[in-house]
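These notes concern the structure reproduced below.
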2 protein chains.
Amino acid sequence: MTGSRQKPTIYDIAKLSGASPSTVSAALNGTWKARRIGEKTAKKIQKIATQQGYSANLQARGLRKARSGLVGMILPVHDNRFFSSMSQSFEAHARDRGLCPVIASTLRDPQEEIRTVETLISYAVDSLFITGATNPDALSEICIAANVPHIYIDLPGKLAPSVVSDNHLGAELLSRKILQTMPKLDDPLRGRAYFIGGDTDDYASARRVEAFRKTVTHESGDISGDQIIACGYAPGQATREVKALCDRLGGLPAGLFVNSLTAFEGALSYFVTLPPQAFDDCVIGCYDYDPFGAFLQFPVHMVRQNSDKLIARAYEYFDAGTTKADLIMVEPDLIPPRTIYKGRFAELG
Amino acid sequence: MTGSRQKPTIYDIAKLSGASPSTVSAALNGTWKARRIGEKTAKKIQKIATQQGYSANLQARGLRKARSGLVGMILPVHDNRFFSSMSQSFEAHARDRGLCPVIASTLRDPQEEIRTVETLISYAVDSLFITGATNPDALSEICIAANVPHIYIDLPGKLAPSVVSDNHLGAELLSRKILQTMPKLDDPLRGRAYFIGGDTDDYASARRVEAFRKTVTHESGDISGDQIIACGYAPGQATREVKALCDRLGGLPAGLFVNSLTAFEGALSYFVTLPPQAFDDCVIGCYDYDPFGAFLQFPVHMVRQNSDKLIARAYEYFDAGTTKADLIMVEPDLIPPRTIYKGRFAELG
DNA sequence: ATGAAAGCGCTAACAA
DNA sequence: TTGTTAGCGCTTTCAT
């Protein structure tokens, strides 16, 4: 069994090459030119290292240099289109910078968020990306105490820079699209646009409601309180509310702004009970994107939060080395019905 | 600026408490009972540590103990329902064991897979979960050389234990369901079941085709080669092939076994061009699950690979400390049409 | 152009 | 019951 041999260290390579450990170290970590090691020495050492299957112990290096080469990200769940595409981007950008990404989900549990941030800090992550935190400021305090640069994605923190999707703009685009393309109906109540789903305590939803309000008021002169049904994100609740709305109106409204994929799923489970022609005089929009939206029996406008752009901006912020707490806005994309979006990683299944 | 202070070490705590570093170490890492440290000493130290905001430097611990407390997983992409739910399970199980999960995607690039495995090994991961590898054996060699326990998920490796979804069983269940519920049509060609999508070079698909073959032969006495259209996973290709098939048959076949979500997406982009009644005499099944399948205008049976079970079995294997290279089979679930599956993390958006 | 040696923060013998 | 000490593998002055 040769398989159980230990991994070689710089001391092993030093012995084999006749050079000292520090020379080996320099030869192998790229600093040899700066350290004025002879080219032939360096090459020789590198050759031996390769032969021996040497690779640096990154824990040891991290310990010595007090930076690990790890970048951390915390998010609520992996199992979600938005967050998983963030992971994908986060990772790609980390690789571009020679860093090793560590992504952890916290299940929207404040305790878990704190524990996770502490764990990542214990592994000496060089910086931390935080998304979907329930209590940003508590996390910032921990990071600040540990001297770890951090940035919030999609949800602003007061104590650190943040990159957020421009919810107001996205909702405005979607609202306007709905209002401008929806049919004129005789029934005044059915002829209006309705906003469904989400929680106005939530930063993102509050901004979207605000934009919906503004746009509807702008286009139709006024808006009534019952046009906004912020019934939370749970699919079941959305199902009930959409059904109640349609029962009240005697049919689908002319316009429907659905404020999240989960609410959309809920609405859909009511929609499948409807005949196809029920959708003839209704324009539907969904804030959030899922490719399957393209395959429904009725067209639906979707807003796609550009996760890659959010992540890219965050990295750029760190690259720039700026230090003041900024709020960086990223515009979302309005996706026309029946569009199958091809993203950066679209060809991979 | 108190924020820029360094993190306290056991030496700081030692000074403050009057105890020695090793006593502090034991008091703070839980080994103090075994080390026969007095309870009051331990408590005092712990109190001071908390006050000082101490947390262990896990790199240093890892270096000393030669195990990092990290568990690695590599997968092709994050941005995929199956893999992201694997991530979710992988992480939950890691947490249960007090380990820190590091998940890396390799974009189905053999070079990237190797680089990533090497990186994770350099961080001294305690074990490695590998899924969707293009060249398992090469990765095993690296892991074996570095003495890192590893396990393959969903794709068997020859040199290490593997937990795989029982593709044969899943395909058999789905095939049987399709065959037993599909309508009897007068047209003999339309009256058959067809298999579309996937690549027979691929381990999983090969097993599925095998099961489809067997089941069809068993139920209808024989099978013709043109019932199997393994046209790859690309949506575009599936669109073309489904369209060609329907053109040839003069309508949808009585049964259609679609062999992946991506192929299904492709089929759907043809289906949206069809009138709803086109689906009246066609039973559709899809190997792989997406909740949006529940919202289509026609019913579709889906097979859900139970990612949580795959991961759980893999962890159990390590827990058991067994060493021989096993092949562990996990049965997938057949999901009836219009079912919105509620998983372990279903309530989290 | 290269080597010797200290030390990053922690744990684990071994002493006491 | 607790302290002393060596050393995990690496980087980095400081010498030479």
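Being a predicted model, the structure only gives us computed values, none of them experimental. By convention in this document, chain letters (A, B, ...) are assigned in the order of the sequence lines, proteins followed by strands, and residues within each chain are numbered from 1.
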Round to the nearest Å and state the distance from [X] atom [atom1] to [N] atom [atom2].
| X | N | atom1 | atom2 | value |
| --- | --- | --- | --- | --- |
| K65(B) | dG9(C) | NZ | C1' | 14 Å |
| D12(B) | dG9(C) | CG | P | 8 Å |
| I45(B) | dT11(C) | CD1 | P | 13 Å |
| I13(A) | dC10(D) | CD1 | C1' | 14 Å |
| L63(B) | dT11(D) | CG | P | 12 Å |
| I10(B) | dG7(C) | CD1 | C1' | 14 Å |
| Q59(A) | dT11(C) | CD | P | 12 Å |
| L58(A) | dG9(C) | CG | C1' | 17 Å |

| task | May I ask you to decide whether E118(B) forms a salt bridge with R115(B), counting only side-chain N to carboxylate O separations under 4.0 Å? | result |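 A salt bridge is absent here (no side-chain N lies under 4.0 Å from a carboxylate O).
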| query | Nearest nucleotide by nearest heavy atom, which residue falls closer to the 5' end of DNA chain D, R64(B) or T31(A)? | reply | R64(B)
| task | Using distance alone, with no hydrogens and no angle criterion, decide if S17(A) and K44(A) have a side-chain donor and acceptor under 3.5 Å apart. | result |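 No pair is found: no donor N or O on one side chain lies under 3.5 Å from an acceptor on the other.
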| Are the ring centres of F318(B) and F129(B) closer than 6.0 Å? |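 Yes.
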| query | Has the side chain of R35(B) got a donor or acceptor that lies under 3.5 Å from a partner of the other kind on the base of dG3(D)? | reply | yes
| query | Does S22(B) get its side chain close enough to the base of dT2(D), under 3.5 Å, for a donor-acceptor pair? | reply | no
| task | Pick base, sugar-phosphate or nothing for A26(A), based on heavy-atom distances below 4.0 Å to the nucleic acid. | result | nothing
| message | Closest approach to the side chain of S25(A), judged atom by atom: which nucleotide of dT11(D), dA12(C), dT2(C) is it? | response | dT11(D)
| task | For the side chain of T9(A), starting at C-beta, report the closest nucleotide among dC10(C), dG9(D), dT11(D). | result | dG9(D)
[X] vs [N]: side-chain N/O to OP1/OP2 distance below 4.0 Å:
| X | N | answer |
| --- | --- | --- |
| T23(A) | dG3(C) | yes |
| N29(A) | dT11(D) | yes |
| R36(B) | dT1(D) | yes |
| S20(A) | dT2(C) | no |
| Y11(A) | dG3(C) | no |

| request: Please report the closest heavy-atom contact between H78(A) and S84(B), naming both atoms and the distance. | output: O-CB, 3.4 Å
| said: Is it the case that the side chain of S87(A) and the backbone of F83(A) share a donor-acceptor pair, with hydrogens and angles ignored and the cut-off at 3.5 Å? | reply: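 Between the backbone of F83(A) and the side chain of S87(A) there is a qualifying donor-acceptor contact (under 3.5 Å).
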